[in-house]
Amino acid sequence: MSAVLRVFADLDTGVDDAMALAYLLASPEAELVGVASTAGNVGAQRVCANNLALLELCGRPDIPVSLGSLVPLSIPLRTAEDTHGPAGLGYAALPAAHAGPTDYDAATAWVRAARAHPGELIGLATGPLTNLALALRAEPGLPGLLRRLVIMGGAFDYRGNTTPVSEWNIAVDPEAAAEVFAAWGAAVAGGHAGELPIVCGLNITERMALRPPYLAELAAAAGAPGIPSANPLIRVLSDALRFYFEFHDSVGEGYLAHVHDPFAAAVALDPGLVNTREATVDVELDGSLTRGMTVADWAGHWGRPPNARIAVDGPVQVFFDRFRDRVGPFAAGLAHS
Ligand code: RIB
Ligand code: CA
């Protein structure tokens, strides 16, 4: 198996999705082979435009970006402009990309990438699971084709952020999430699952609380100290995060940002970052109060094999140091390109 980690990222870009994208691009061991644009934080076309613009800003317009379904599998789309800003990147303003999306959709992109790199591709999903579910319908063998899957989603023995019990990526498309976990369960039962998906829920990602002084660290690491930074990528990330800070403050979390997605990206490249526990995960679809809840059967009450490895602990400072030490120099390189 090659030392290069080939990654396919499915994003609903989004402020923290943008950080995840930057982290992947800044990680020398990672080769980002494609990006899926999933409706969630904002509409799919806006997500796609954000992905294209960020890749161009980062000097990687060569990486293919695919547009996903405009709506969840079976319910209307809900978006979160209050959280991520009207265009999904807070106060950041990016020039539109010259490149456009692929002529095939996001689900097809998942399948093509997995088939092109059988047993090697690392999947990362940091948005609703709509397009991953559609990819699994097209290619039920996807669990056996992927080397690894890391999902940012759910909340395990922990409250939700969208309903009292549901986390955003699951709440936007609970049916898709249920299909994804069921597909891995079927693959496990059939003996062709490979590694179980690593699921980073709010129970761990809300520990990744980024506070304003960290932005100064990031700017300094990019050789452009001070906020607003003169570095183009740091400027975009800090302008995006400022909106995210204001949202978190408005809901009583404090002037900070829970950066869920770059943590999941770091785990995708280095699963040793987290301690995990196997469980059978399913998604409540019918509860009038609990719809969209990720339910973990830790003890085997359902008699179904585990279909996930739930991240239960991880080093906060190690993650933030790694993000700064990678994205800072990467951003510095852009300023001189
Ligand atoms: O609940 C947090 C998740 O929802 C993150 O992925 C954020 O970007 C939003 O998509
Ligand atoms: Ca996201």
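Counting starts at 1 for both ligands and their atoms, following the listed order.
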| field | Sub-3.5 Å N/O-N/O distance, Asp261 and ligand 1 | value | yes
Do the charged groups of [X] and [Y] touch, with an N to O distance under 4.0 Å?
| X | Y | value |
| --- | --- | --- |
| Arg147 | Glu120 | no |
| Glu217 | Arg211 | no |
| Glu284 | Arg291 | no |
| Asp239 | Arg242 | yes |

| query | Side chain, backbone, both or neither: which part of Thr83 comes within less than 4.0 Å of ligand 1 when only heavy atoms are counted? | reply | neither
| Per-residue contact class, Thr205 against ligand 1 - non-hydrogen pairs under 4.0 Å | neither
| field | Atoms of ligand 1 close to Asp12 [distance to a heavy atom under 4.0 angstrom, numbered from 1] | value | 8 (O), 10 (O)
| query | Looking at Met152, which atoms of ligand 1 are within less than 4.0 Å of one of its heavy atoms? | reply | 2 (C), 3 (C), 5 (C), 6 (O)
| Among Thr126, Leu202, Asn41, which residue places a heavy atom closest to atom 9 (C) of ligand 1? | Asn41
| Can a donor-acceptor pair be found between the side chains of Ser229 and Arg235 at a distance below 3.5 Å? | no
| query | Among the N, O or S atoms that Asp12 has, which is closest to the Ca ion (ligand 2)? | reply | OD1
| query | Which of the N/O/S atoms in Asp261 sits closest to the Ca ion (ligand 2)? | reply | OD2
What is the closest protein heavy atom to [atom], and at what distance does it sit?
| atom | value |
| --- | --- |
| atom 4 (O) of ligand 1 | Trp168 CD1, 3.1 Å |
| atom 3 (C) of ligand 1 | Glu167 OE2, 3.3 Å |
| atom 7 (C) of ligand 1 | Asp16 OD1, 3.3 Å |

| task | Would you give the angle at the Ca ion (ligand 2) between Asp17 atom OD2 and Thr126 atom O, to the nearest 10°? | result | 80°
| task | Using the ring pair (Phe, Tyr, Trp, His ring centres under 6.0 Å) rule, pick out the option among Phe245, Tyr244, Phe243, Phe247 that qualifies with Tyr255. | result | Phe245
| With respect to Leu57, which candidate in Leu52, Leu25, Leu233 satisfies the side chain to side chain contact (heavy atoms under 4.5 Å, CB included) definition? | Leu233
| query | Short question: side chain of Asp282, backbone of Ala182 - any donor-acceptor pair under 3.5 Å? | reply | no
| Close approach, His84 and ligand 1, non-hydrogen under 4.0 angstrom | yes
| Considering the options Thr79, Asp16, Asp17, Thr126, which one meets the side-chain hydrogen bond (donor to acceptor under 3.5 Å, both in side chains) requirement together with Asn41? | Asp17
